[in-house]
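In what follows, every heavy atom counts, from backbone to side chain, and hydrogens, waters and symmetry copies are set aside. Each chain gets a letter, A, B and so on, in the order the sequences are listed, and its residues count up from 1.
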Amino acid sequence: MVLVLALGDLHIPHRAADLPPKFKSMLVPGKIQHVICTGNLCVKEVHDYLKTVCPDLHIALGEYDEETRYPETKTLTIGQFKLGVGHGHQVIPWGDLDSLAMLQRQLDVDILVTGHTHQFTAYKHEAGVVINPGSATGSYSSINYDVNPSFVLMDIDGLRVVVYVYELIDGEVKVDKIDFKKTTASST
Amino acid sequence: MSISPVPMEATMPETASCSEGPRRFGYLRGVQWRIDLGILPSSPSSSIDDLRLVAANSRRRYAALRRQLLIDPQVLKNGSCSPDVVMDNPLSQNPDSMWGRFFRNAELERMVDQDLTRLYPEHGSYFQTPGCQGMLRRILLLWCLRHPVYGYRQGMHELLAPLLYVLHIDLELLSEVRKVYEDHFTDIIDGFSFHENDWTHKFDFKKLPEYMEDCNGSESPVKINSLGELEPKIQTIVLLSDAYGTEGELGVVLSEKFLEHDAHCMFDALMNGTGGAVAMAEFFSPSPFGGSHTMFPPIIESSAALYHLLSIIDSSLHSHLVELGVEPQYFALRWLRVLFGREFALEDLLVIWDEIFAYENTKFNKPGTNDAESNVGVLNSSRGALIAAFAVSMILQLRSSLLATENATSCLQRLLNFPVDVDLLKLLAKAKSLQALAVEAINSTPLLILPRLHGRRNAGFTKAHIPSLDLTSPRTTLNMAHESYWEERWRVLHMEEERKQGSAASAEKQVPNRKKGWSERVRLRLSRTKCDPFRSKATFRKKNETDEGRKNIGGDVDFGHKIPAEVEEQDVKDTNFSTSETRCSSGCPGNEENSSNISDLSTPVRGTNDYVNMSGRSSVASNFSAEENDTDSVNFEPLQANPESSPLPVSELDPDDDTLNSTQNYHSVIKQAAGIKERKLLSDKFQLFWKFGRNINEGTSDRAAVSEDAIACDSGSDCNNVAGSSIVNGCNSTSGISKAEIIDQNLIFSLSDLGQSMLENIQVIESVFQQDPDQMGSLENCKNAIVGEGHITAMAALEELRKISNLLSEM
């Protein structure tokens with residue numbers, strides 16, 4: 001019953017001022033156990049804010065981050081799942097599933113979380129799941145101007161993960177749910 | 001007292017002591033308690049089958065409850081057609097969402113766990129096992145979810161633990177019996193024991209010798225052929241645990257599988273009293289009981305009832321405790337909330353609870369009360385009376401050590417650390433003997449008065465003390481809006497005090513002045529009016545001259561001068577009188593003008609030489625308001641001939657015909673008060689004065705109010721308030737200012753005067769008794785031994801201080 005928040009590409013303060021208020025009201029401390037951030041926060045204040053939501057914070061380095069000491073990729077284990085985080089600007093073509101799958105195999109993780117495209121996607125393939133939480137602030141990207149704010153909440157329970165996608169479309173929060181089941185327990 | 005005719009298994013007269021006949025399941029506590037608590041049918045004619053039926057039903061209910069309330073979102077994720085994801089996602093703010101409930105439950109669970117980990121560590125082998133903890137947690141969670149009003153409070157787990165324990169013990173007994181009478185726990189279908197009739201079994205040669213050996217080797221090689229041959233007790237046990245009886249497995253009364261269900265039922269019954277009076281949940285509730293007449297939480301009422309009972313039984317101990325300021329709820333809170341669970345070892349506790357549960361819990365109906373409501377709601381049954389009687393017998397047990405201490409803290413220590421090596425049976429016997437008395441007491445507890453007095457003091461004291469005794473766990477989210485009664489009171493009081501502080505600050509200036517004129521002003525006591533005859537002492541006569549002068553000054557009734565606290569301190573000689581006088585004077589808010597009313601009123605009063613210190617007050621007050629730092633002038637001018645000072649409403653003290661009656665009433669009250677200890681006196685007065693103050697607002701005659709005030713002064717209680725109200729009277733009578741305003745002002749002034757007088761007193765004491773650390777203690781002694789003027793002054797000052805502090809604590 002572990003709740004993991006995945007978000008990224010906020011670009012605060014350069015491209016966006018803050019998270020949408022509706023998102024902020026939902027992110028109350030105490031509910032979420034881990035936060036995974038794909039990068040491009042960009043400033044320390046955002047880091048601090050995310051820390052208040054949950055003290056267990058994992059960040060990957062994005063190209064606009066002002067704190068350069070974040071790692072480029074990071075792996076962690078939650079329950080039965082291995083998760084990997086990376087920003088995604090290093091994976092070319094950006095957002096391509098096959099290339100991301102390569103990264104996933106490289107990191108040897110079940111769930112790979114990357115960003116950079118500012119577009120929510122969730123792919124499932126035989127080796128695992130690739131999730132892109134999009135941009136939590138809805139900031140524009142170099143390839144896309146019209147972006148809906150979105151983030152992802154994963155509910156990891158045993159061998160099963162439920163992915164809740166929260167998108168702000170036309171001022172309303174839309175929630176969607178995707179189920180993934182892992183076939184075998186991970187060997188430690 | 002009429003009791004509902006529920007047949008107890010053995011006839012138990014309501015007023016009788018405990019001895020009812022042999023308890024039907026005395027050897028099986030779990031079953032017996034279930035009967036006592038009302039879960040299982042209690043009539044002697046109910047058969048085992050009936051018991052099983054009822055047990056089965058209760059278990060079904062619990063199982064349904066559990067399914068319904070213990071949320072597992074996973075389960076719902078898997079099964080159901082998912083409800084709208086927008087509503088039901090984990091971050092949903094929707095309070096109805098499944099996840100919302102899940103998080104709330106998690107919060108509650110966290111609180112419960114905090115307590116459970118610390119439960120009965122000395123019996124940790126049972127209570128700290130994960131299985132047991134899990135059960136306790138679930139039971140508590142479910143109960144709290146069903147009763148969001150109460151939420152989870154620390155102490156509930158201690159009520160639940162023994163219940164679970166006795167059920168567990170029953171099961172152990174069952175397994176022991178099983179071992180001995182193995183045969184008869186095999187399938188008993190149609191009355192046949194299959195071992196006897198099972199041919200195949202007989203021909204199982206391997207088994208047979210073993211069987212024979214078992215029979216021979218067992219401790220009681222009983223060869224029993226049928227159930228009927230068994231001892232009745234064992235027979236019952238067998239039947240209670242027979243899996244094929246009524247309702248099958250669900251009806252097995254002594255069942256391990258349904259331990260949780262049964263424990264929950266017992267807990268629920270204990271908490272809500274099953275229609276009786278003693279509902280433990282009430283002890284956790286901060287709000288007043290149902291139709292209670294008082295405004296206090298049931299635990300406070302019950303504590304007061306305890307003290308009332310104690311006062312009937314042993315008034316010297318009671319008065320000793322009251323005098324020390326040991327409020328009953330300091331220790332009774334813990335005693336009552338966990339039904340003495342923390343005072344005795346678990347084994348002893350079980351014996352105590354045996355007795356307590358043996359008593360009927362139906363409410364007494366006092367004939368003549370409206371709405372069948374009696375005073376102490378929670379303890380209003382035989383069981384409640386026994387609980388009260390037991391608590392009192394515990395207090396009596398410690399009698400000698402309590403009487404020996406002069407210190408509230410050590411008293412409380414004794415009470416809260418009840419000795420372990422106490423003869424329990426003796427205690428119980430005593431409790432039973434007191435039970436009848438308790439029944440009377442509880443039905444006649446003048447709770448309308450009792451908690452109020454206590455309450456006033458409580459308001460000041462208990463809030464300060466409750467944090468140290470705080471057994472309540474933090475509020476659950478479910479109870480967010482649910483404000484604690486004491487929190488509110490504290491806030492109210494705090495605001496009052498802040499106001500007082502603010503005004504006291506201004507009063508402080510006058511303090512240094514007073515010091516000098518003390519010895520001079522010794523005699524400047526304002527004498528009392530004749531309103532307070534029994535107080536008429538010669539000392540006050542002295543003031544007459546000065547008062548005279550004052551009184552001649554006509555003017556408006558604006559005598560609400562702020563009378564400097566110093567005047568109070570001046571009262572070296574006298575005890576209450578002088579102090580009260582000064583108090584009165586200090587109470588007067590600054591009124592510059594003389595009140596014509598005063599002069600009018602004063603004439604009739606002049607009859608005697610007793611004057612209310614009002615005049616003195618007003619004069620002083622006028623000085624005060626002028627804020628001069630001239631001590632001498634302050635001391636004497638107003639007293640002698642102060643053209644500015646308005647004659648105090650001494651005249652107002654002159655009782656009209658109407659007021660005379662009221663004053664006389666107050667006289668009687670005051671007389672009574674005189675016989676009581678000082679503190680009580682003050683508290684009583686205080687209340688009276690407050691009432692008077694309010695009456696003023698309602699348009700009582702000024703005179704009445706004033707006379708009341710005078711009386712108050714006389715009695716030497718909180719004169720400040722009196723002054724305040726009297727001043728108010730004056731003001732009201734003269735100016736067209738709204739009464740409320742003036743009253744407020746006056747009160748504020750009087751409060752500040754209080755503070756001022758306190759400071760002055762302190763300073764005086766400091767100067768006189770420079771090396772005397774324990775001044776309050778010596779006050780009493782010093783009073784009688786008048787050593788010298790300095791001492792006298794100091795004594796008076798001390799007394800003033802004490803009164804003021806009492807006053808303040810009242811407020």
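- Considering only heavy atoms from C-beta on, M1(A) comes within 4.5 Å of F102(B) through its side chain.
- Summarising the local packing, CZ of R146(B) is surrounded by 12 or fewer heavy atoms from other residues, nucleotides or ligands at distances under 6.0 Å.
- Of residues 52-76 of chain A, not one residue has a non-hydrogen atom less than 4.5 Å from any non-hydrogen atom of chain B.
- Residue W99(B) holds its CH2 atom at 4.0 Å from CG of D155(A), rounded to the nearest 0.5 Å.
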Verify side chain to side chain contact (heavy atoms under 4.5 Å, CB included) between F103(B) and V28(A), making sure each step is shown before the conclusion.
CA-CA 12 Å; F103(B) 283 117; V28(A) 291; over 6 Å; no
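- Evaluation of the ring pair (Phe, Tyr, Trp, His ring centres under 6.0 Å) rule for H87(A) yields H89(A), H116(A) as partners, not counting sequence neighbours.
- Taking 4.5 Å as the limit, every side-chain heavy atom of F23(A) sits out of range of all side-chain heavy atoms of L91(B).
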